Amino acid sequence: MASGSNSLVWFRKGIRIHDNPALEYAAKGSSYLYPVFVIDPRYMEPDPTAFSPGSARAGVNRIRFLLESLADLDSSLRKLGSRLLVLKGEPGEVLFRCLKEWDIKRLCFEYDTEPYYQALDIKVKNYASAAGIEVFSPVSHTLFNPADIIQKFPSLSDDMYGCFDETSEKNSGRPPSSYQSFLKIAGQPSWASSALLTTITSLPPVGNVENCGISNVPTLQELGYEESGQDELTPFRGGESEALKRLRGAMDDKEWVAKFEKPKGDPSAFLRPATTVLSPYLKFGCLSSRYFYQCIQDVQKNVKSHTLPPVSLLGQLLWRDFFYTAAFGTPNFDRMNGNRICKQIPWNADDELLAAWRDARTGFPWIDAIMVQLQKWGWMHHLARHCVACFLTRGDLFVHWEKGRDVFERLLIDSDWAINNGNWLWLSCSSFFYQYNRIYSPISFGKKYDPNGDYIRYFLPILKDMPKEYIYEPWTAPLSIQTKAKCIIGKDYPKPDHESPYDLQVHEWLMTQFDKIVVSHDTASKECKNKLAEAYELNKTRNGAVNEEDLKILRRKFEENQSQEPKSKRLKNKS
DNA sequence: CAGAGGTTGATCCT
DNA sequence: AGGATCAACCTCTG
């Protein structure tokens, strides 16, 4: 490109100034630079029919986080002599209009591996090349280029059998299916010991943008959302400035960084979370994962000893790349059907169970408190996510992981297509992880970290006066205690009734008859284990070719087993 | 094809 | 707090 012409940098993720190759390249030698963000109504427009405040695809917490991130980007750009140009509409159409209107010769945007952008970006690139516009689309969202990893990974079908199927021809490798093999292929990132940061001191000016429908970064209200109370909204503020502040805060405690062991974190810690809470900033690219990587490396160089992947802090960033690689290299990664790495399992399609889980009324306080934190904060600890995901799918309710995935995808401020789907595959024992006998107890897991139940008391204030002896299993509290705690189970707080619609009197009677609880996690989890064993068996005999009919037959069998042992009979057997 | 290992289970035991 | 045991899956390695 001849220097002295116009460039456009298109922000999607990568909402930052630091370590932003697309921005740097766009700025180099241009007379005018147009920094653009397109507000896609499909993602941002209020949808009153959704189950929570927000658009059709995103809860209001994440929309707000995005707007804050954009406002921060705009303010940073202004300090460099530029500004953010916000436009509304279908991104492709808006972009084509801008390219024409402003006579753009160079278009720069961060490469994105998600299916949505893969499809959109092909259109954009085709348009640009037909119009003689240079396109620069660097990989800067992840540590590695997922395509490189897949290329390097020896394809099973090529190596062992020397045959070529359609997939191996197109794609010489498949993504590694375990973290360890991923680490081995990935190695050190090429840039690990080189300087990433070129400090930008000024940017080319923005050209004439009159009559182009440019606006400032809108507020939630300007987008048509109603004002809501502070305590209904996430405590985490969006933006690059906030990300770097948070990063600095974490890195300052060198001991903590060096000793970080993810599985040892306390999921019930909420006043001071046990992790960095940098995930939402990584999701939107307010924080560069590569810069984060280098910061951790710096700390590790200066301490005597440190933890290692998979549990270390660096290991967490590598998990992110692991899931990005798996997601990029697996067709239909976000579905069970047609997903070659996903076990085919006849999950329930029970919308009532799903709604009880989603709306925090399962009757298990540990589970419900986590779901309230999800709705209010849009963030909860990784292990808390494990508990509710396990409970919904393979642990207790046997509801399809795709349903839970949808709820997380909407409500999490850090929801990330690759990572969210990857973790649901993991937790439901559909892929990556297969030890389905390891089930999180909705009662004892939380108790181990928080015996007093402070986390439950905070997010489920109705239970705030329940004595700690009963707070994880309030249905076991004698009625006198429930009365004193101003929380009658079955009236003020649900009893776990997804299996047993008993009235309170029967419930009370049962409490005198059994030392075990009425709706037993024990019973539900045992049934789930049996179902998973049968489903695994089916997958084995069908050798990865389970069809709709197979699943239907097995689903019918599960239903028959359940009706053979009705609730009343089950109780009589016990008494 | 056997054996080792797998980020984060629960329970009981010391 | 840490270890053994439970029951037992899959993937990777040699």
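Predicted, not measured: the structure shown is a model, and the values here were computed from it. Letters go in sequence order (proteins before strands), and every chain restarts at 1.
For C:dT11, the OP1/OP2 oxygens have a side-chain nitrogen or oxygen of A:Y434 closer than 4.0 Å. Checking the phosphate oxygens (OP1, OP2) of C:dC9, no side-chain nitrogen or oxygen of A:K343 falls inside 4.0 Å. Contact annotation: A:Q180 side-chain N/O to C:dT13 OP1/OP2 distance is not under 4.0 Å. Contact check, A:S444 against B:dG9: no side-chain N or O comes under 4.0 Å of OP1 or OP2. Checking the phosphate oxygens (OP1, OP2) of B:dT11, no side-chain nitrogen or oxygen of A:K448 falls inside 4.0 Å.
Rounded to whole Å, atom C1' of C:dC10 lies 11 Å from atom OH of A:Y436. Between the NZ atom of A:K526 and the P atom of B:dA10 there is a distance of 15 Å, given to the nearest Å.
Taking the C1' atoms as reference points, C:dA7 lies 16 Å from B:dG6, given to the whole Å.
For the pair A:K531 and A:F398, the cation sits on the ring face: its NZ or CZ lies under 6.0 Å from the ring centre, inside 45° of the axis.
Side chain of A:T362 to main chain of A:A356: no donor-acceptor pair is present (N/O by atom type, distance under 3.5 Å, no hydrogens or angles).
For B:dC12, the paired base is C:dG3 (Watson-Crick or G-U wobble, both distances below 3.5 Å). Base-pair partner of C:dC10: B:dG5 (Watson-Crick or G-U wobble, both distances under 3.5 Å).
Ring to ring, A:Y324 and A:F328 are not that close: their centroids are 6.0 angstrom or more apart.
Judged by centroid separation below 5.5 Å and plane tilt below 30°, A:W319 stacks onto the base of B:dT7.
Note on ring orientation: taking the six-membered ring where Trp is involved, the planes of A:F323 and A:W426 are perpendicular (angle over 60°, cut-offs 30° and 60°).
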